[in-house]
Engineer: 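Quick one: structure below, then a few questions.
This structure is a prediction, so every number in the text was calculated from the model and none was measured. Quick note: residue numbers are just sequence positions, from 1.
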Amino acid sequence: MSGKFFLVAFGSLLLYTLFIHFGYLNFMGDNANSYNVYLYDPAGTYTQVPPMIHSVTSREELDEALAGDASGGVGIHVKDGNPNIVLYAGTEKVDRHRADYAFSLLYSGREYKPETVGQNTPEMKQRREITCELLFIEIAAVGFLGIASVLFKEKQMGVIRVHAIMPLKRRLFVFSKIVLFLLTDLAFAALMTLLNVGFTEAGDVLFAILIQTGILSLVMSLAGFGCAMLLKDFKQFSLAYLVITLLTATPVFLSANTAIKMDWIIYHPFYHVYMGLKNAFFGTPVTNPVYYICVVCVIILLFGIATMAFHKEMRREG
């Protein structure tokens, strides 16, 4: 309470909820429904073209339009009556989606019908995606910073020195802090999901979301605890926080949410945690036992490191 952590968590919840309801959904509703589609049809094979398709008069104009389109535009070059897709390649899955969308516009529901995947409306899909991303950022970044800020304040107050003479096992201090932040993160995740995904839609996925949130919370809390004990002051921690946050979030978001392809991302541990959280939001929780075995091993290892760091800090405090 002295560290105002609960106030920060509540403020983050309120800010995220307002952003999703009154900012993100309105913006995405107007700007993220489609890709730009350009048609080059020199023979005039398609006499009736939907207004959402932009016609060009030459292959050079088509190439220039695609080169200057930052939204992932798709080109259609009609040769001998057959439409051919022209685009800048991204990931295989996204490229198929872009081509599928371009064909659906070209044929306007006549002889081509795109496959419908999933039961989510575009708005619900956006709600699930942005809630997942903000929740991951909150737990990974703010949770990591929150436990460290509390511990540095307690170190200044002499709490570590007092605990060193108490007849309690040292790991109980670590356990008490981690459990407190775990419960806070679980409550935050539950409220975040219910307020932004909806009470009805969240009912089937909330349990799986809480499991993945608990995994992320334990990992980041233990990492933050260890760093707070090993580093001398908050200035040193701020640098470590910046590095860890960038290495944790940036490559994960680029690989999971953009066309940037990184083959090495499968070796990034937080990528699997993020995808586990995202799959939970969309009703496909992780069932691979290897994933959970690895998670348990990592948590045990981090708990041991945090406990040893706490012992070292007590010896330093005298």
Side-chain angles (χ1 to χ4, degrees), residues 24 27-42 45-46 48-56 59 61-133 136 205 250-268 271-272 274-288:
Y24 181 80
F27 173 79
M28 294 299 288
D30 296 332
N31 296 278
N33 290 330
S34 63
Y35 303 103
N36 292 323
V37 179
Y38 306 93
L39 174 66
Y40 174 46
D41 185 9
T45 304
Y46 295 89
Q48 294 183 350
V49 179
M52 295 181 68
I53 295 182
H54 309 283
S55 297
V56 296
R59 179 56 191 262
E61 186 178 350
L62 175 64
D63 293 339
E64 291 177 0
L66 293 176
D69 194 318
S71 66
V74 186
I76 303 177
H77 184 187
V78 181
K79 294 182 179 180
D80 300 327
N82 298 317
N84 298 277
I85 293 295
V86 182
L87 50 76
Y88 283 92
T91 63
E92 182 180 356
K93 185 177 181 179
V94 173
D95 291 347
R96 289 201 305 267
H97 181 273
R98 294 159 65 194
D100 195 51
Y101 173 76
F103 280 136
S104 69
L105 289 184
L106 181 64
Y107 291 107
S108 300
R110 291 176 296 175
E111 61 266 38
Y112 185 85
K113 185 177 181 181
E115 179 184 359
T116 300
V117 180
Q119 302 298 321
N120 292 308
T121 63
E123 179 183 341
M124 180 53 62
K125 180 176 181 292
Q126 293 166 10
R127 283 180 177 273
R128 293 176 188 267
E129 286 184 343
I130 189 61
T131 303
C132 172
E133 293 172 9
F136 182 85
V205 300
T250 304
V252 169
F253 284 138
L254 288 176
S255 297
N257 300 314
T258 70
I260 298 177
K261 190 174 182 180
M262 303 178 184
D263 294 334
W264 58 266
I265 199 66
I266 61 173
Y267 302 106
H268 195 304
Y271 174 76
H272 299 282
Y274 174 76
M275 292 307 299
L277 182 62
K278 189 171 185 177
N279 289 334
F281 267 94
F282 283 90
T284 55
V286 179
T287 57
N288 186 357

Engineer: In Å, rounded to the nearest 0.5 Å, how long is the span from OG1 of Thr131 to CG of Leu277?
Structural biologist: 10.0 Å
Engineer: Does the pair Asp100 and Arg96 meet the rule for a salt bridge (Lys or Arg N to Asp or Glu O under 4.0 Å), with working shown?
Structural biologist: CA-CA 6 Å; Asp100 195 51; Arg96 289 201 305 267; over 6 Å; no
Engineer: Minimum heavy-atom separation for Val74 and Ala102, please, with both atom names.
Structural biologist: CG1-CB, 3.7 Å
Engineer: Of all the heavy-atom pairs spanning Leu66 and Val86, show the shortest one and how long it is.
Structural biologist: CD1-O, 3.5 Å
Engineer: Do Phe281 and Glu129 have side-chain heavy atoms sitting under 4.5 Å apart?
Structural biologist: no
Engineer: Could you pull out the closest heavy-atom pair between Ile76 and Pro83, with the gap in Å?
Structural biologist: CG2-CB, 3.7 Å
Engineer: Do you know the tightest heavy-atom contact between His272 and Ile266?
Structural biologist: NE2-O, 2.6 Å
Engineer: If you round to the nearest 0.5 Å, how far is NE2 of His268 from OH of Tyr274?
Structural biologist: 13.0 Å
Engineer: With a 4.5 Å heavy-atom cut-off, do Tyr40 and Glu61 have their side chains touching?
Structural biologist: no
Engineer: If I take atom NZ from residue Lys278 and atom OH from residue Tyr271, how far apart are they, to the nearest 0.5 angstrom?
Structural biologist: 8.5 Å
Engineer: For Asp80, is the CG atom crowded, meaning more than 12 foreign heavy atoms sit under 6.0 Å from it?
Structural biologist: no
Engineer: What is the minimum heavy-atom distance between Ala99 and Ile85, and which atoms define it?
Structural biologist: CB-CG1, 4.0 Å
Engineer: Test your reading of the model: is there a side-chain donor-acceptor pair from Asn84 to the backbone of His77, 3.5 Å cut-off?
Structural biologist: yes
Engineer: Measuring from Arg98:CZ to Leu87:CG, what's the distance to the nearest 0.5 Å?
Structural biologist: 4.5 Å
Engineer: Would a 4.5 Å heavy-atom cut-off, applied to side chains only, mark Met52 and Tyr101 as touching?
Structural biologist: yes
